[in-house]
Amino acid sequence: MTALERRIRQHFSDTFGLSGDAVQRLTEATRTSLADGIILLVRAGKAQDANGVAHWAHSLKGNLLNAGLPELAAVATDMEQQALAGVLPPVHGRLEAVEAELEAFLAGPAAQG
């Protein structure tokens with residue numbers, strides 16, 4: 001288990017009062033939601049769809065905040081605000097740091113050895 005996954009699990013335990021199986025289920029749901037959200041945000045960016053970028057950046061922001069990762073959510077917040085203002089942010093470039101930070105977590109336990 002990576003340090004980031006431990007941090008997320010601790011956040012779920014501390015913030016939501018969850019333990020054991022509930023933390024495990026929420027962690028897996030978060031892993032799936034984050035991976036899907038990144039894919040959909042990148043897809044909207046490639047399509048030059050500002051409304052889609054705003055929507056998926058907002059969704060990603062919420063998932064990151066729920067996981068206790070406000071520093072990563074700040075990137076999604078900025079992207080959302082730019083898209084809402086009619087400026088299409090460079091999605092792929094902006095997400096590289098977020099993806100790098102989440103890479104091992106998104107890969108799941110099997111990939112972590």
Side-chain angles (χ1 to χ4, degrees):
M1 181 182 313
T2 66
L4 182 64
E5 184 164 343
R6 278 191 293 279
R7 178 179 164 195
I8 291 169
R9 287 173 173 270
Q10 189 64 50
H11 174 75
F12 291 155
S13 178
D14 295 347
T15 303
F16 304 119
L18 301 175
S19 61
D21 288 343
V23 168
Q24 177 62 29
R25 284 191 305 274
L26 188 53
T27 300
E28 290 309 315
T30 297
R31 191 184 323 275
T32 299
S33 294
L34 288 172
D36 291 348
I38 288 169
I39 289 167
L40 293 166
L41 178 53
V42 168
R43 189 176 296 158
K46 286 181 180 177
Q48 299 291 300
D49 177 5
N51 289 330
V53 169
H55 173 81
W56 292 112
H58 178 81
S59 176
L60 183 61
K61 172 185 70 176
N63 284 319
L64 290 165
L65 288 172
N66 285 340
L69 304 171
E71 67 284 355
L72 298 178
V75 174
T77 299
D78 186 53
M79 293 175 67
E80 175 189 16
Q81 290 171 348
Q82 285 184 337
L84 288 172
V87 177
L88 197 62
V91 174
H92 182 68
R94 299 295 309 278
L95 280 180
E96 284 179 353
V98 173
E99 289 176 301
E101 188 72 28
L102 293 173
E103 183 177 17
F105 173 71
L106 295 179
Q112 296 169 22

Partners meeting side-chain hydrogen bond (donor to acceptor under 3.5 Å, both in side chains) with Asp49 (sequence neighbours left out):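 Once residues adjacent in sequence are excluded, Asp49 has no partner under the side-chain hydrogen bond (donor to acceptor under 3.5 Å, both in side chains) criterion.
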
What distance separates [X] [atom1] from [Y] [atom2], expressed to the nearest 0.5 Å?
X      : Y     : atom1 : atom2 : value
Met1   : Ile8  : CE    : CD1   : 10.5 Å
Ser13  : Leu26 : OG    : CG    : 11.0 Å
Phe105 : Arg9  : CZ    : CZ    : 8.0 Å
Glu103 : Leu4  : CD    : CG    : 12.0 Å
Trp56  : Asn51 : CH2   : CG    : 13.0 Å
His55  : Leu60 : NE2   : CG    : 11.0 Å

Is [X] linked to [Y] within one hydrophobic cluster, defined over Ile, Leu, Val, Met, Phe, Trp and Tyr using a side-chain heavy-atom separation of less than 4.5 Å?
X      : Y     : answer
Leu106 : Val75 : yes
Leu84  : Leu95 : no
Leu65  : Leu34 : no

Note to self: Working note: Asn63 + Ser33, criterion side chain to side chain contact (heavy atoms under 4.5 Å, CB included); need CA distance, chi angles, decisive distance, verdict.
What the structure shows: CA-CA 7 Å; Asn63 284 319; Ser33 294; 3.7 Å; yes

**Asked** Has Asp14 got more than 12 heavy atoms of other residues, nucleotides or ligands less than 6.0 Å from its CG?
**Response**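 Yes, because the 6.0 Å sphere around CG of Asp14 holds more than 12 heavy atoms from other groups.
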
Answer yes or no: are there more than 12 heavy-atom neighbours, outside His58 itself, under 6.0 Å from its atom NE2?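 No, not enclosed.
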
message = Can you give me the closest heavy-atom contact between Ala50 and Ala83, atom names plus distance?
response =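 Where Ala50 meets Ala83 most closely, the heavy atoms are O-CB, 3.5 Å.
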
Taking every non-hydrogen atom, the tightest pair across Thr2 and Ala104: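 So the two residues come closest at CG2-CB, 3.6 Å.
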
Is any side-chain heavy atom of [X] closer than 4.5 Å to a side-chain heavy atom of [Y]?
X      : Y     : answer
Thr30  : Phe12 : yes
Leu102 : Ile38 : yes
Glu101 : Leu72 : yes
Leu41  : Met79 : yes
Pro70  : Leu64 : no

Please collect all salt bridge (charged side-chain N to carboxylate O under 4.0 Å, His left out) contacts where either partner lies in residues 70-89, sequence neighbours excluded, each pair once.
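Of all non-adjacent pairs touching residues 70-89, those that pass salt bridge (charged side-chain N to carboxylate O under 4.0 Å, His left out) are Arg7-Glu71, Lys61-Glu80, Asp78-Arg94.
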
### Query
Charged N to carboxylate O under 4.0 angstrom, Glu28 versus Arg25?
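Answer for the salt bridge query: no.
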
